Amino acid sequence: MSEDWAAVAKAINERVNELGWRQRELAERSHVSQAIVREVQHRTVERRRSPRTLESLSTALGWHPQHLDAVLHDRRPPQLDEPLANPADTLWSRLDGFEQRLNDITERLDGLKTDLSTVIEHVRDRR
């Protein structure tokens, strides 16, 4: 199944412009990091995203939770009042979202650990 990330970017950008939002506002409202919002909007990194990421963006933009997934897979986006195609998927997508957030936190902590080690070395060298 092919994925059309260009269509996703276009849909998001048109909707953000329509709402008069900035990238930061979309990130805050969707609880998706601004870096990921930027990547999706500008297609700087095209990789498989958690379904939860697309759900969060869709919901924040006032669409059905599966709107962007439908755009991604060249399907008709569901109307806001339509039920979820597979409600069980939302649990898995939420777990995917938690996993992604934990990975992001781990990366940040690793960076802080490296920075702290560098500071400690500099302090020791000055003694």
Side-chain angles (χ1 to χ4, degrees):
M1 182 184 302
S2 67
E3 296 180 336
D4 190 353
W5 287 101
V8 171
K10 181 180 178 196
I12 290 172
N13 290 328
E14 287 176 355
R15 183 69 171 153
V16 165
N17 287 335
E18 185 179 299
L19 296 169
W21 292 355
R22 296 192 181 276
Q23 196 175 72
R24 172 180 252 154
E25 187 167 359
L26 176 56
E28 289 172 357
R29 287 175 181 256
S30 65
H31 303 287
V32 171
S33 77
Q34 192 170 350
I36 291 175
V37 171
R38 183 182 313 107
E39 289 174 4
V40 173
Q41 277 189 291
H42 299 291
R43 299 179 13 204
T44 54
V45 178
E46 289 190 12
R47 63 174 179 226
R48 184 171 168 82
R49 301 283 176 187
S50 160
R52 179 70 178 140
T53 299
L54 295 180
E55 286 176 16
S56 294
L57 292 169
S58 293
T59 302
L61 291 166
W63 291 329
H64 186 280
Q66 295 172 330
H67 184 99
L68 288 172
D69 185 66
V71 171
L72 177 64
H73 295 102
D74 196 28
R75 295 188 312 257
R76 179 193 63 80
Q79 295 299 313
L80 195 55
D81 60 347
E82 286 183 43
L84 293 172
N86 186 353
D89 285 345
T90 58
L91 174 60
W92 292 112
S93 64
R94 286 182 181 202
L95 289 174
D96 288 343
F98 287 127
E99 183 177 30
Q100 180 60 46
R101 285 184 181 172
L102 285 174
N103 287 338
D104 292 343
I105 291 168
T106 301
E107 286 178 22
R108 288 179 185 173
L109 288 174
D110 287 343
L112 289 172
K113 182 179 174 184
T114 301
D115 293 345
L116 185 57
S117 295
T118 303
V119 169
I120 290 171
E121 285 178 35
H122 287 310
V123 169
R124 284 184 184 157
D125 290 346
R126 290 185 179 186
R127 287 186 181 179

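Model, not experiment: these values are computed from the prediction.
His64 approaches Gln79 most closely through the heavy-atom pair CD2-O, 3.0 Å.
Scanning for side chain to side chain donor-acceptor pair (under 3.5 Å) contacts around Asp4 gives an empty result, with sequence neighbours left out. In this structure Arg43 satisfies the side chain to side chain donor-acceptor pair (under 3.5 Å) test together with Glu46, sequence neighbours excluded. Under the salt bridge (Lys or Arg N to Asp or Glu O under 4.0 Å) criterion, Arg76 pairs with Glu82, not counting sequence neighbours. For Arg101, there are no salt bridge (Lys or Arg N to Asp or Glu O under 4.0 Å) partners two or more places apart in sequence or in a different chain. Arg22 meets the side chain to side chain donor-acceptor pair (under 3.5 Å) test with no other residue; sequence neighbours excluded.
Using a 4.5 Å heavy-atom cutoff, the side chains of Gln66 and Pro78 are in contact. Within the 4.5 Å cutoff, the side chain of Asp69 has heavy atoms near those of the Arg75 side chain.
A side chain to side chain donor-acceptor pair (under 3.5 Å) check over residues 10-19, counting only residues at least two apart or in different chains, returns the pairs Asn13-Gln41, Arg15-Glu18.
To the nearest 0.5 Å, atom OG of residue Ser33 and atom CD of residue Glu28 are 12.0 Å apart. For the atom pair Ser30 OG and Glu55 CD, the distance stands at 12.5 Å (nearest 0.5 Å).
Around CG of Asp74, the count of heavy atoms belonging to other residues, nucleotides or ligands within 6.0 Å does not exceed 12.
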Table please: side-chain donor-acceptor pairs of residues 109-126 below 3.5 Å, with sequence neighbours left out.
unit_1: Thr114; atom_1: OG1; unit_2: Asp110; atom_2: O; d: 3.0
unit_1: Ser117; atom_1: OG; unit_2: Lys113; atom_2: O; d: 3.0
unit_1: Thr118; atom_1: OG1; unit_2: Thr114; atom_2: O; d: 3.0

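Hydrophobic cluster membership for Leu68: Trp5, Val8, Ile12, Val16, Leu19, Trp21, Leu26, Val32, Ile36, Val37, Val40, Leu54, Leu57, Leu61, Trp63, Val71, Leu72 (Ile, Leu, Val, Met, Phe, Trp, Tyr linked by side-chain heavy atoms under 4.5 Å, directly or transitively).
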